[in-house]
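Worksheet: the structure to be examined is printed underneath.
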Amino acid sequence: MKPSKRAAARAAFPFTIPILTGFLVLGIAYGIYMKSLGFSPLAPILISLFVFAGSMQFVAGSVLTQAFAPVSAFFLTLMVNARHVFYGVSMLEKYRGLGKKTFPTIFWMCDETFSVNVSAEIPEGVDKGWFYFFVSLFDYSYWITGTILGSVLGQFIPFDTTGVDFAMTALFLVILVGQWEKEKSHISTLGGLGISLVCLVVFGPDHFILASMVGIVLFLTLLRRPIERRLEE
């Protein structure tokens with residue numbers, strides 16, 4: 001590996017340590033969950049490798065065991081993962097000019113990777129493209145490793161997965177606290193939290209995510225200049 005790549009990998013790894021813990025736990029739970037539905041050990045591993053959709057993979061387990069309904073499955077997937085549309089728009093400028101790294105970096109995008117890459121203060125002298133690439137690669141590998149462990153352990157160890165999904169919530173809280181401590185202004189964070197709470201009350205827990213993402217994008221777009229001026233002060 002070239003020195004520039006090694007430097008980027010070393011710089012990226014510490015940012016992914018909280019994600020390592022969360023993804024291993026959730027990946028193990030996913031592998032065991034798929035075993036409980038009757039899938040072979042290989043099935044969840046292949047799904048994680050080629051789908052890599054986090055919460056949607058848990059949903060897909062139940063979808064695949066029900067009657068064939070491709071239209072319903074399509075719209076369900078679209079709703080669950082619609083937030084990635086906003087992630088993609090937000091990362092257009094950062095991911096510009098990645099060359100051969102573009103496709104895998106985009107494919108490996110997930111909530112946690114987005115949170116790191118959109119806000120991380122990259123050390124001086126570290127290539128940004130390789131930094132984004134290695135953050136994405138590390139997070140992807142953590143999920144795959146967890147899935148493999150869960151698929152293997154699920155063959156031998158009975159495991160109650162009740163409540164394990166809170167690991168994802170805890171992981172987001174860790175990332176949020178880290179961002180809060182680094183922010184010079186908390187306008188964007190407080191705005192996002194406020195909009196999400198309003199949407200939760202108005203639309204309910206089953207439908208508030210997409211409305212929240214739209215509201216947050218509009219909020220940041222309209223207040224972009226005031227926020228930037230505040231940060232420059």
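If you're wondering where the values come from, they're calculated on a predicted model, not measured in any experiment.
Residues forming a side chain to side chain contact (heavy atoms under 4.5 Å, CB included) with Ala12 (at least two apart in sequence, or on another chain): Phe131, Phe134, Val135, Phe138. In terms of the side chain to side chain contact (heavy atoms under 4.5 Å, CB included) criterion, residue partners of Ser90 (sequence neighbours excluded) are, by chain and number, Phe114. Scored by the side chain to side chain donor-acceptor pair (under 3.5 Å) test, Tyr95 finds Asn117 as partners (sequence neighbours excluded). For Tyr140, the ring-ring contact (aromatic ring centres under 6.0 Å, His included) partners two or more places apart in sequence, or in a different chain, are Phe52, Trp108. Glu93 is linked by a side chain to side chain donor-acceptor pair (under 3.5 Å) to Arg96, counting only residues two or more places apart in sequence or in another chain. For Ser196, the side chain to side chain donor-acceptor pair (under 3.5 Å) test picks out no residue, with sequence neighbours left out. Residues that satisfy the side chain to side chain contact (heavy atoms under 4.5 Å, CB included) test with Val85, not counting sequence neighbours, are absent from this structure. In this structure Leu193 satisfies the side chain to side chain contact (heavy atoms under 4.5 Å, CB included) test together with Thr189, sequence neighbours excluded. With sequence neighbours excluded, the residues that form a ring-ring contact (aromatic ring centres under 6.0 Å, His included) with Tyr30 are Phe58.
Although no hydrogens or angles enter the test, the distance criterion places no donor-acceptor pair under 3.5 Å between the side chain of Lys94 and the main chain of Met91.
Asp139 and Thr16 form no side-chain donor-acceptor contact under 3.5 Å, judged by distance and modelled atom types alone.
Classification of the Phe103-Phe107 ring pair by plane angle, with boundaries at 30° and 60°, yields parallel.
Sorted by first and then second residue, the side-chain hydrogen bond (donor to acceptor under 3.5 Å, both in side chains) pairs involving residues 145-154 (not counting sequence neighbours) are Ser48-Thr147.
Under a cut-off of 6.0 angstrom, the local environment of NZ in Lys128 is sparse, with at most 12 non-hydrogen atoms contributed by other residues, nucleotides or ligands.
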